[in-house]
K.L.:
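Okay, here's the structure, questions in a sec.
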Amino acid sequence: MPAVSKGDGMRGLAVFISDIRNCKSKEAEIKRINKELANIRSKFKGDKALDGYSKKKYVCKLLFIFLLGHDIDFGHMEAVNLLSSNKYTEKQIGYLFISVLVNSNSELIRLINNAIKNDLSSRNPTFMCLALHCIANVGSREMAEAFAGEIPRILVAGDTMDSVKQSAALCLLRLYKTSPDLVLMGEWTSRVVHLLNDQHMGVVTAAISLITCLSQKNPDEFKTCVSLAVSRLSRIVSSASTDLQDYTYYFVPAPWLSCKLLRLLQCYPPPEDGAVKGRLVECLETILNKAQEPPKSKKVQHSNAKNAILFEAISLIIHYDSEPNLLVRACNQLGQFLQHRETNLRYLALESMCTLASSEFSHEAVKTHIETVINALKTERDVSVRQRAADLLYAMCDRSNAKQIVAEMLSYLETADYSIREEMVLKVAILAEKYAVDYSWYVDTILNLIRIAGDYVSEEVWYRVIQIVINRDDVQGYAAKTVFEALQAPACHENMVKVGGYILGEFGNLIAGDPRSSPLVQFNLLHSKFHLCSVPTRALLLSAYIKFINLFPETKSTIQEVLRSDSQIRNSDVELQQRAVEYLKLSSIASTDVLATVLEEMPPFPERESSILAKLKKKKGPGAVSVNELEEGKREGGELNGGGGERGGDNSTIAASNASTPSPSADLLGLRTGPQVSAAPPSAGSLLVDVFSEAGVNDDGFLSSAPPSAVSEDAAPPLPESNELLNKFVCKNNGVLFENQLLQIGIKSEYRQNLGRMYLFYGNKTSVQFVTFTTTVSCPGELHPQLNVQAKPVEPLIEGGAQVQQVINIECLGDFCEAPLLNIKFRYGGALQNLSLKLPVTINKFFQPTEMASHDFFQRWKQLSQPQQEAQKIFKASHAMDTEVIKAKLLGLGMALLENVDPNPENFVCAGVIQTKAQQVGSLLRLEPNAQAQMYRLTLRSSKDTVSKRLCELLAEQF
Amino acid sequence: MIGGLFIYNHKGEVLISRVYRDDIGRNAVDAFRVNVIHARQQVRSPVTNIARTSFFHVKRSNIWLAAVTKQNVNAAMVFEFLYKMCDVMTAYFGKISEENIKNNFVLIYELLDEILDFGYPQNSETGALKTFITQQGIKGQHQTKEEQSQITSQVTGQIGWRREGIKYRRNELFLDVLESVNLLMSPQGQVLSAHVSGRVVMKSYLSGMPECKFGMNDKIVIDKQGKGGTTDDAGKSGKQSIAIDDCTFHQCVRLSKFDSERSISFIPPDGEYELMRYRTTKDIILPFRVIPLVREVGRTKLEVKVVIKSNFKPSLLAQKIEVRIPTPLNTSGVQVICMKGKAKYKASENAIVWKIKRMAGMKESQISAEIELLPTNDKKKWARPPISMNFEVPFAPSGLKVRYLKVFESKLNYSDHDVIKWVRYIGRSGIYETRC
């Protein structure tokens with residue numbers, strides 16, 4: 001390459017740069033630059049053409065100004081002009097300017113591309129190189145589009161110079177990285193691969209970078225490169241240090257090329273061809289052998305180059321994972337490095353060993369270095385090296401050395417760096433669980449962990465302890481004893497309080513026999529920590545207290561006292577307050593049986609993958625490398641594990657789910673709760689409704705809120721349950737007709753002969769007023785001629801909490817079956833509410849009771865003997881067969897209950913006349929209960945067949 | 001309160017470092033250098049907060065003065081102190097430059113000890129300071145005990161700014177009204193904003209402890225007199241009065257008297273000091289009018305014509321007139337023609353600078369320039385910065401007039417008539433800009 005000759009050394013540029021360097025302040029610098037820019041502008045503006053030298057000089061100055069951080073918005077044209085110069089220096093400056101300052105200006109790009117094309121097709125290698133460098137430096141998509149086809153041709157052409165080939169290979173690599181879709185090798189593939197055989201080492205080095213990148217994307221196309229690479233590698237490895245002349249670096253032959261070759265081989269599985277494989281194994285052995293040889297030079301560069309090749313070879317060995325012999329040798333080699341005085345080497349050795357540990361062949365070999373690694377963990381100065389040591393310990397751990405490793409890691413944790421503590425905690429937790437032979441050891445380890453590094457113990461870790469303790473009966477007593485002891489420390493971590501609260505709440509009874517840990521002592525111990533804890537922990541402790549009430553009735557009064565105190569029952573935190581109130585009520589109202597059911601011991605957790613492992617997987621880092629191995633280990637250790645499942649942590653879930661109150665506590669700890677297990681039988685749930693009676697009024701089943709369809713302007717269809725409502729009012733005249741969250745409708749009615757009057761009371765249950773409140777009563781279909789209903793208008797506005805009354809007058813014209821419809825519309829907070837109900841007006845309301853003697857009754861009974869006049873129904877009793885209740889119901893029906901008429905005293909007979917405007921319909925009734933079969937037979941006779949039928953239908957629902 | 005005070009040169013090297021409080025660590029010095037002086041973007045705010053520490057800085061030529069505090073101080077007070085500090089240093093050794101500061105660093109530390117005590121500003125009156133902080137080497141022998149105790153009593157006494165027993169053969173005083181007028185005008189000649197900030201600077205050489213009273217055409221005072229006396233009196237005087245928006249006084253002025261009677265009475269310090277500062281925004285006399293005319297001829301040429309008109313009494317002469325016409329960033333050549341003065345294209349400042357030595361009132365002058373542009377591929381349009389102007393006129397653009405300055409000295413035998421008084425008005429341009 002022709003160097004810049006002395007005569008070319010632009011003096012103006014040097015002066016300008018030294019001026020700027022001498023500027024005292026930023027302002028002065030800006031002034032100088034402004035002056036220079038004006039000068040250049042006037043020069044470029046000048047109509048007389050500038051010669052190449054001054055053009056180059058000014059473009060250089062612009063470049064310098066740009067690199068100082070100022071905007072340059074002219075001079076591009078001049079730079080492009082320089083490209084077409086025949087002088088190397090001018091062309092070089094032009095390309096430099098373009099590479100640094102090019103922006104996607106369409107016309108300029110065209111000019112630049114043209115110039116580059118010219119240079120590429122010229123036979124001058126330096127110009128070709130400049131053009132290729134420019135393409136690689138810009139590397140834009142436009143460049144790729146223009147030249148992606150051209151460059152491979154240059155790369156493989158027989159007459160291209162070696163230096164150009166190198167540039168072309170690297171340029172192509174750059175273009176491939178930016179826009180892989182445009183670089184299509186296709187026909188060139190095999191010729192590119194054969195560049196590995198090139199005489200020139202530089203070309204091979206450049207080409208191998210390109211091939212590595214390409215073969216990562218489509219390995220099959222470049223498969224042939226494996227054997228070529230192996231032969232090339234063996235040639236280099238077997239060569240003497242002097243053979244390669246320029247490419248020998250501190251007595252190591254072609255170290256960069258060797259590394260790249262080894263890395264390329266890592267893209268492929270071991271070669272199938274025996275000969276190739278043999279040659280490769282030979283190479284690797286040679287590399288390992290060379291590592292044992294005494295160094296040829298004391299220079300650090302020599303050992304660096306040698307070790308680079310060695311580590312690349314070891315990663316190839318690990319990648320193949322099929323040569324036990326090589327693996328063990330590699331392991332031994334790394335073992336030597338573990339004690340090397342070079343920190344970087346120790347780091348690399350630990351890192352590589354981490355991956356070696358996961359290979360079945362070398363696992364045992366790695367384990368022999370345990371002492372060294374533990375030592376490294378303790379004594380290394382550099383935190384990143386210690387981190388690697390911890391990773392390696394984790395990876396090499398198995399059942400035989402678990403106790404030792406866990407103990408070491410625990411003791412290291414006390415002094416570990418904050419940055420790696422959480423990861424260490426997770427690792428200890430996993431190892432302790434995975435290789436636990438004896439669960440008391442596991443419990444000890446984890447409690448120790450919480451004690452030492454409580455802040456870094458994540459939720460998952462302590463959930464896991466609880467899951468395991470709950471699933472393993474044999475360890476529960478020990479766990480309770482241990483946490484009790486741990487809690488006695490004057491200052492203990494909140495996570496410890498959580499575990500303690502949970503475990504004592506569940507299994508405190510197991511240690512209650514000992515007077516030193518009597519129930520009251522346990523409670524006082526827990527409660528002494530209460531005030532130091534955060535809200536979630538306090539909530540957990542409250543749940544533990546209620547469990548105590550169940551476990552130890554003697555603590556009840558003390559705990560109730562605590563729950564009753566203002567700091568609990570009036571706590572500003574809603575969750576705590578709710579728990580305090582609910583638990584207090586539960587403990588004072590529910591019987592011991594109920595308590596025992598509700599607060600039963602938690603059922604075992606379902607088996608699931610350990611949540612901690614999932615957490616560690618989420619954490620990036622080298623820990624993840626050995627996850628596969630870890631899972632294997634997990635399987636082998638699986639039979640030991642009590643159970644899995646992420647659910648857990650809070651025994652309050654059980655109370656909350658059973659209490660059937662809308663409590664948010666089900667997920668209050670943010671636990672990722674699994675399927676909730678409702679441990680108590682459903683009967684307990686229904687009993688509890690009474691406990692929480694103030695909340696349970698409108699929840700007991702027969703009333704519901706307005707259906708979702710109730711928003712249209714038309715009258716909504718009657719509620720599905722309105723028939724039931726109707727039946728409810730057959731035998732009574734007053735009561736609550738309807739209730740939902742917004743509205744309550746009360747009813748009061750009185751009837752005389754064929755007339756009736758009904759009072760409806762609309763109560764607004766909310767604190768917001770209802771507007772445009774309207775009600776309409778209609779008699780649908782054939783009811784219209786039978787019944788005359790008149791509703792007085794009602795106030796359109798109901799204030800929050802207020803009640804309005806509506807009077808409805810009813811006249812019965814003829815006998816009827818259907819009930820009139822009541823439609824209510826109003827707006828609540830902007831939303832239209834629309835609901836329809838059946839008014840409880842039934843034919844029996846118009847009964848006039850008739851007293852008659854036995855004789856008269858049977859006479860009339862016989863008179864009404866036509867088949868259509870009689871309606872009979874036999875049905876099963878739906879309520880208890882209580883004589884008094886039945887009597888009351890029959891009286892409520894409106895007929896006269898005739899005593900001593902029927903020969904069988906068990907039977908009931910009634911008589912009455914239905915008063916309608918058109919006619920009077922006499923009716924007789926006979927109800928025969930059968931106590932053994934729990935059945936009734938109901939017979940009705942009346943002068944009108946429809947009446948008998950309707951009455952029979954209505955009455956059948958009542959008993 | 002101020003925790004510390006640092007002085008840096010333009011490179012950010014510390015020249016003076018004085019820490020008054022423990023909460024300011026050594027690293028505060030570096031923090032300011034890194035975050036302000038060497039900041040990649042120019043820091044324009046005079047107050048910078050770095051790690052809960054506040055830095056207040058002013059720049060005098062190439063020198064940075066920074067006051068540091070961790071407390072919530074009155075920023076105006078800190079800046080006032082920094083300005084005072086600059087004044088004091090100027091009074092002691094002239095221009096504030098790196099050289100001067102290096103040469104006088106002992107003196108500066110001495111001054112800092114005196115004017116700041118545990119971060120609380122103390123007496124920063126140059127006159128008073130000069131009595132006991134001197135530059136003439138060791139003078140202790142010359143000062144008698146009496147003198148020393150006198151200095152002590154003066155500095156700690158009620159009138160700390162003047163010592164007793166001053167005697168002059170000629171009782172003389174000089175009064176300068178210095179104003180700077182600021183303007184922003186639209187191309188059509190509409191005033192967008194204008195205000196005058198002025199100072200009354202006094203140099204007094206009076207014997208004894210004279211009681212002075214200063215009177216000017218303050219609108220409130222004139223109106224009050226007009227109401228109190230006959231209407232003829234105000235009419236006869238015929239003087240215009242000015243409305244002062246706000247004013248501040250030297251500590252010698254009796255503020256209680258100003259509040260009650262709006263009269264300015266004081267016992268003056270000896271030598272030069274600033275009596276008051278004020279600001280007006282109404283009825284400002286704009287000494288010059290700039291009429292720009294910019295025409296773009298194609299993409300490569302720009303024609304600029306600027307006319308300036310002087311707008312004051314023909315008998316007065318304006319001086320040091322300089323008009324600065326910004327040029328586009330892609331200017332490649334400029335031709336200028338002007339009738340009066342000299343005009344030149346300064347590439348380093350991207351502007352045409354037109355200088356006129358003198359110009360009488362009610363005159364007009366013109367410049368025309370042809371600017372050649374280099375076509376660029378940048379689509380950004382030129383922002384057209386305003387044309388700015390500098391000048392000096394011998395009157396007060398606010399219209400302020402000194403009505404009287406009376407001197408009473410009861411103990412010594414000279415009266416108001418014996419005092420020789422000089423009054424001078426100087427109006428300068430502040431930021432005087434016209435958009436084009």
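Every heavy atom of this structure was used, including side-chain atoms; hydrogens, water molecules and symmetry mates were not. Within every chain, numbering begins at 1; the chains are lettered A, B, ... in the order of the sequence lines, protein sequences first and strands thereafter.
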K.L.:
State whether the number of non-hydrogen atoms from other residues, nucleotides or ligands found under 6.0 Å of Glu145(A) atom CD is greater than 12.
P.N.:
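For Glu145(A), atom CD is crowded (more than 12 foreign heavy atoms under 6.0 Å).
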K.L.:
Kindly check if the number of other-residue, nucleotide or ligand heavy atoms within 6.0 Å of CZ (Arg435(B)) is above 12?
P.N.:
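Result for CZ/Arg435(B): open.
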K.L.:
Counting only heavy atoms not in Asp51(A) (residues, nucleotides, ligands), do more than 12 fall under 6.0 Å from its CG?
P.N.:
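Counting neighbours around CG of Asp51(A), more than 12 heavy atoms of other residues, nucleotides or ligands fall under 6.0 Å, so yes.
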K.L.:
Flag the one option from Leu37(A), Ile30(A), Asn34(A) with the top tally of heavy-atom pairs under 4.5 Å to chain B.
P.N.:
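Between Leu37(A), Ile30(A), Asn34(A), the count favours Asn34(A).
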K.L.:
Is it the side chain or the backbone of Asn9(B) that comes within 4.5 Å of chain A heavy atoms, both, or neither?
P.N.:
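Contact with chain A: none, neither part.
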K.L.:
Which atom names give the shortest non-hydrogen contact between Leu374(B) and Phe74(A), and what distance separates them?
P.N.:
CD2-CD1, 3.5 Å
K.L.:
Which atom pair, heavy atoms only, marks the closest approach of Leu373(B) to Lys45(A)?
P.N.:
O-NZ, 3.4 Å
K.L.:
Working to the nearest 0.5 angstrom, can you tell me the gap between Thr331(B) OG1 and Arg41(A) CZ?
P.N.:
5.5 Å
K.L.:
Out of Lys31(A), Arg32(A), Glu36(A), which one pairs with Ser348(B) under the side chain to side chain contact (heavy atoms under 4.5 Å, CB included) rule?
P.N.:
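With Ser348(B) as partner, Lys31(A), Arg32(A), Glu36(A) yield a single side chain to side chain contact (heavy atoms under 4.5 Å, CB included), made by Lys31(A).
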K.L.:
Work out which heavy atom in Ala347(B) is nearest to a heavy atom in Ala38(A); give both atom names and the distance.
P.N.:
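Minimum heavy-atom separation between Ala347(B) and Ala38(A): CB-CB, 3.2 Å.
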K.L.:
Let me confirm one number: the OG-NZ distance from Ser25(A) to Lys11(B), rounded to the nearest 0.5 Å.
P.N.:
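These two atoms lie 11.5 Å from each other.
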K.L.:
Within a reach of under 6.0 Å around CG of Leu67(A), are more than 12 heavy atoms found that belong to other residues, nucleotides or ligands?
P.N.:
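Counting other residues, nucleotides and ligands, CG of Leu67(A) exceeds 12 neighbours.
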K.L.:
Please indicate whether Phe105(B) has more than 12 foreign heavy atoms, meaning atoms of other residues, nucleotides or ligands, lying under 6.0 Å from its CZ.
P.N.:
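Check fails, neighbour count at 12 or below.
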K.L.:
Non-hydrogen atoms of chain B under 4.5 Å away: do they reach the side chain of Asn39(A), the backbone, both or neither?
P.N.:
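It is neither, since no heavy atom gets under 4.5 Å.
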K.L.:
Would you mind checking which part of Glu27(A) comes under 4.5 Å of any heavy atom in chain B, side chain (CB onward), backbone (N, CA, C, O), both or neither?
P.N.:
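Contact with chain B: side chain only.
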K.L.:
Within a 6.0 Å radius of atom NZ on Lys35(A), are there more than 12 heavy atoms belonging to other residues, nucleotides or ligands?
P.N.:
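Counting neighbours around NZ of Lys35(A), 12 or fewer heavy atoms of other residues, nucleotides or ligands fall under 6.0 Å, so no.
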